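Everything quoted here is computed from the prediction, not taken from an experiment.
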Amino acid sequence: MSEESQDPKVIALRREKAEAIRARGIDPYPPRVERTHTAAEALAVGESTEPVTVCGRVGPIRLMGKAAFFHLADASGRIQVYLKKNIVGDEAWEHFKGDLELSDFAQVTGPLFTTKTGELTVEAREWKMLAKTIRPLPKEHFGLKDRETRYRHRHADLAANPEVREVFLQRSRIISAMRRWLEDPGHEFGGYVEVETPVMHTIPGGALARPFETHHNALGLDLFLRIALELHHKRCVVGGIERVFEIGRIFRNEGISTRHNPEFTMMELYTAYVDVRYTERLMEALIKHLAQENNGSSVVTLGDQTIALDCPWRRVSLCELISERCGAKVHPGMPAPELRALLGSLVDADEKPLPDEPGHLLLEVFERHLEETLVAPTFVTDFPKSVSPLVKARRDDPLLAERTELYIGGLELAPMYTELNDPAEQRLRFEEQMRAREAGDDEAMRMDLDFLDALEHGMPPTSGLGLGIDRLVMLLTGQSSIRDVILFPLLRPEISPVD
RNA sequence: GGGCGCGUAGCUCAGCCUGGUAGAGCACCGGCCUUUUAAGCCGAGGGUCGCAGGUUCGAAUCCUGCCGCGCUCACCA
C-alpha cells in the first residue's frame, strides 16, 4: 500500500476527532445540508452582502492565527472561504481549528467579497461539518500519480485529479451521444432499437475467444459469460427487428494490456437489407459525429499522434496491405510453405511459430506487423474466410469473406461484416470449427444449434458490426491505456489489505 | 512465462558506482501569525534501508536467492 491516507497515525487522529465531535453532541455526519448555491453558482453571483451557503470538500487550510483560508470543491468547481475568529465567534472558531481538516466535507454560510488578490470568496458567518474524512486525499499539488494506487483507489484518483474525472464524464457523454444518434430516425443511419440479450450463455459464440466459465446450481448447468453479442442479435433480426443494437459488457478470458481488459464494452449493431459497404459508411459517419460532439473537431490526438478524421478514409484489402509490405502478391489460396517464403522477413522475425492454415497465417502476420502502422483511419477489407466463420464469403473469391475491420491510431476499433445467412453453409462452417477445436484450437467456435435453427427460419441479407467502446473512448479522449477509460480495471488483488 | 526497472520515514525521493552507526522536502505533533493561494516562521517526534543468506573487522551500499510492484514482449479481438 502506498498512499498518504494510509498513515495509521493520521487515521487514528482523525477517528478521534470524529468521536470528539460526537461527544459534544454534534453529528459529524449530519443527514441534511442547507446548500443554496453550488461553487459555480456562487462565483456567478459576484460580490454580495446577501449570504450564500456552499458545500464541498475542504482543500488545504491556510491558518493564520485568528483567521484562515481554504477552498470548498464540489462537482461544479471550487470556491474560496475566508473564516475569521471575530466573525464566526470564539466557539465556532475553536471547533473549526480543532475539527476541520483537509478532505473533510463542510458547509459554509456568508456574504461574498473579493480578496486583495482578486479572488471572490465567501466570508464565513457560520460553518458546519458535513462529513468527517478519516483518510485524507493527497493534496492537490502533489496529486496522486502512482498508477497502481490510482487504479486501486479510483475514488481517491477521481477526487484528487479533475482531469481523470473529466475523462469519465466524456466517456458517459460519448456513449449517450452514440445512443441518441443511433436511435434518431431522422437520418440515413438512424432508427435503431436497443435490446438487451443474455450475459450468460450455454454456448459462447460470435467471436473467436476463450470464455469465462460459471455454473447455475438449480439447473446443474455450466454456463459461459458472453464473448460477443452477435448470435442473439441475429436472432432478433430473424424475428423482424430490422435495425438492432446493444451497448453491453462482454468478457474474454485472455491477457491484460494497455489495449485489453478482460471485461470490456462493445456496441454491436445489425441492419437488415444492407451489406458491409453500408456498415462501413455508418461507422465513418458515427465516429465523425462523435468526434465533433465530444471534441468539437474532427482531429484527435493519441499519444504523440495527431489523427485527422475528416479526410476520406482509406480502404485497402488485407492481402494488398501485406503485399505492399513484402513486395509479393499473397492470397489465402496459396499453400503455407509458399506463403512463408513470400512473406520473408515478416515470418523470420518471429520467435513464436505461426499457424499453418493460410488464412490464419495471413491474419497473424497482419496483426503482428501491420496493425500498428495504421494510424490514419483505414478500412481493411476482405479478411480470409477461414478466420471468419459467421461471415458471407465473396462470390468472386470464395476464400475471402465480406469482412472489414476499422483501424485508427493503430487500434483495432471495429469489425464489420456481411453476415452469413445460409443455414447449410453456416452448418458447414460450424463443423469446420468443431474440427479445429478437436485439433486443439480452444478459441474455435462451438456448434450452436439454436442459432442454426434461427437461420433456418430465415434471416434477410444483413450486415453487422462490433465497435469497441473502450478503445473508441481512448481515441476520442486521447488516453493511451484502456485502464484510463475503465473506471475499475481488473487488477491482481492486493496482498494483506488488513486494517 | 521472457526482458528491463523499482523496493530507504506516512508520501516523494537522495545516499549505493568508490562499504565506516541513516538524510531532504512534504505530511503529522507543539508554538507564533486576522487577506492566504502547496501560506510563512520556530521547534519536536518518526526508519529492523522489501525478506533471507553470503563476503567483510564493519553492509542501505558488494554477491546470491526469494517476495512484491511497474513497464514491456508474448498470449489475446
Side-chain angles (χ1 to χ4, degrees), chain A residues 1-14 59-71 78-88 93 97 101-103 113-121 123-124 135-152 156 160 206-211 227-228 230 250-262 264 266 268 349-353 363-364 366-368 371 383 387-388 403 405-407 411-415 442-443 465-468 470-471 480-483 491-496:
Chain A
M1 203 60 113
S2 56
E3 203 184 348
E4 180 177 338
S5 60
Q6 296 308 315
D7 185 349
K9 264 192 332 197
V10 170
I11 293 167
L13 263 161
R14 284 178 170 251
I61 297 174
R62 281 90 64 185
L63 179 66
M64 294 161 299
K66 299 188 179 65
F69 283 98
F70 57 92
H71 283 87
R78 53 174 222 161
I79 186 162
Q80 183 167 256
V81 174
Y82 182 48
L83 197 142
K84 199 155 58 159
K85 182 177 180 182
N86 64 1
I87 293 183
V88 296
W93 174 253
K97 274 209 299 184
E101 299 168 280
L102 180 70
S103 298
F113 76 107
T114 305
T115 63
K116 69 181 184 189
T117 52
E119 181 165 354
L120 191 70
T121 299
E123 187 179 63
R135 297 174 192 260
L137 297 165
K139 267 192 184 183
E140 276 176 50
H141 177 76
F142 301 102
L144 179 55
K145 294 283 173 271
D146 178 71
R147 279 186 176 272
E148 190 197 349
T149 308
R150 285 185 42 221
Y151 298 145
R152 288 196 193 281
L208 303 172
R210 272 194 290 269
I227 56 173
E230 177 158 353
I250 67 177
F251 309 84
R252 296 186 182 177
N253 204 340
E254 53 197 34
I256 296 174
S257 77
T258 50
R259 293 174 297 284
H260 300 264
N261 193 63
F264 61 102
M266 185 88 110
E268 290 203 28
D350 299 308
E351 318 92 29
K352 199 205 125 213
L363 180 64
E364 188 74 26
F366 166 72
E367 286 179 350
R368 285 194 201 177
E371 205 177 280
F383 276 61
V387 296
S388 315
R403 163 176 166 189
E405 302 219 350
L406 173 63
Y407 291 82
L411 278 176
E412 175 197 0
L413 272 189
D442 50 6
E443 284 165 21
L465 81 83
L467 172 61
D470 312 275
R471 291 179 180 178
S480 51
S481 170
I482 201 167
R483 288 179 179 165
L491 302 173
R492 191 189 307 276
E494 224 169 357
I495 320 296
S496 72

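With hydrogens and angles ignored, a donor-acceptor pair under 3.5 angstrom links the side chain of A:Gln80 to the base of B:U36.
Atom-to-atom, CG of A:Leu120 to C1' of B:U35 comes out at 14 Å; the value is rounded to the nearest Å. Between the CD1 atom of A:Ile482 and the P atom of B:U72 there is a distance of 13 Å, rounded to whole Å. Rounded to whole Å, the distance from CD1 on A:Ile250 to P on B:C76 is 16 Å. Distance, A:Leu83 CG to B:A39 C1': 16 Å, rounded to whole Å. For A:Met64 and B:C32, the CE to C1' distance is 13 Å, given to the nearest whole Å. Residue A:Phe69 contributes atom CZ, which lies 10 Å from atom C1' of B:A39 at whole-angstrom precision. Per the geometry, CG belonging to A:Leu63 stands 11 Å off C1' belonging to B:U36, to the nearest Å. One interatomic measurement links the two molecules: CZ of A:Arg14 to C1' of B:G10, which rounds to 13 Å at whole-angstrom precision.
Listed nucleotides B:U34, B:U35, B:A38 differ in distance to A:Asn86; the shortest reach to its side chain belongs to B:U34. Between B:C29, B:C33, B:U36, one nucleotide has an atom nearer to the side chain of A:Leu13 than all others, and that is B:C29. The side chain of A:Ala67 lies closest to B:U34 when the candidates are B:U34, B:C28, B:U35. For A:Lys66, whose side chain is taken as the heavy atoms from C-beta onward, the closest listed nucleotide among B:C33, B:C76, B:A38 is B:C33. Of the candidates B:U35, B:U36, B:A39, B:U36 carries the atom nearest the A:Glu119 side chain, counting heavy atoms from C-beta on.
Base engagement by A:Lys116 is indicated by at least one non-hydrogen atom pair under 4.0 Å involving a base atom. If you check every strand for non-hydrogen atoms under 4.0 Å, A:Arg403 touches a base. In this structure, A:Ala207 reaches neither bases nor backbone, as no heavy-atom distance under 4.0 Å exists between it and the strands shown.
Proximity of A:Ile11 to A:Arg135: side-chain heavy atoms (C-beta onward) are separated by under 4.5 Å at one or more points. Contact annotation: the side chain of A:Trp93 approaches that of A:Leu83 to within less than 4.5 Å [non-hydrogen atoms, C-beta and beyond]. A:Asn253 places none of its side-chain heavy atoms less than 4.5 Å from the side chain of A:Pro211.
The shortest heavy-atom contact between A:Gly466 and A:Met266 is C-SD, 3.9 Å. In this structure, A:Ser388 and A:Arg403 approach most closely via the heavy-atom pair OG-NH1, 2.9 Å.
Residue A:Thr258 is the one, among A:Ile227 and A:Thr258, whose nearest nucleotide of RNA chain B lies closer to the 5' end (criterion: closest heavy atom). Comparing A:Gly65 and A:Arg62 by the nucleotide of RNA chain B that holds the closest heavy atom to each, the one mapping nearer the 5' end is A:Gly65.
B:C41 is paired with B:G31 under the Watson-Crick or G-U wobble criterion, all donor-acceptor distances under 3.5 Å. Pair check for B:C76 finds none; no Watson-Crick or G-U wobble contact set falls under 3.5 Å. B:G10 is paired with B:C26 under the Watson-Crick or G-U wobble criterion, all donor-acceptor distances under 3.5 Å. Nucleotide B:G5 is matched to B:C69 when pairs are restricted to Watson-Crick or G-U wobble geometry with both distances under 3.5 angstrom. The nucleotide B:C17 finds no pairing partner, because no Watson-Crick or G-U wobble arrangement with both distances shorter than 3.5 Å includes it.
The separation of B:C13 from B:G3, taken at their C1' atoms, amounts to 26 Å, rounded to a whole angstrom. With P as the reference atom, B:G19 and B:C62 are 9 Å apart, rounded to whole Å. Taking atom P on both B:C17 and B:U12, the two are 25 Å apart, rounded to the nearest angstrom. A distance of about 38 Å separates the C1' atoms of B:G50 and B:C41, rounded to the whole Å. For the C1' atoms, the distance from B:A9 to B:C28 is 11 Å, rounded to whole Å. The separation of B:C16 from B:G23, taken at their C1' atoms, amounts to 14 Å, rounded to a whole angstrom. Here, B:C29 and B:C67 have their C1' atoms 35 Å apart, quoted to the whole Å. Look at the C1' atom in both B:C71 and B:G31: the space between them is 47 Å, to the nearest Å.
Dashed line: the shortest gap from a side-chain N or O of A:Arg483 to OP1 or OP2 of B:C71 is under 4.0 Å.
Using a distance-only test at 3.5 Å, with no hydrogens or angles considered, no donor-acceptor pair links the side chain of A:Arg259 to the main chain of A:Arg471.
Taking the six-membered ring for Trp and thresholds of 30 and 60 degrees, A:Phe69 and A:Tyr82 have nearly parallel ring planes, at less than 30 degrees apart.
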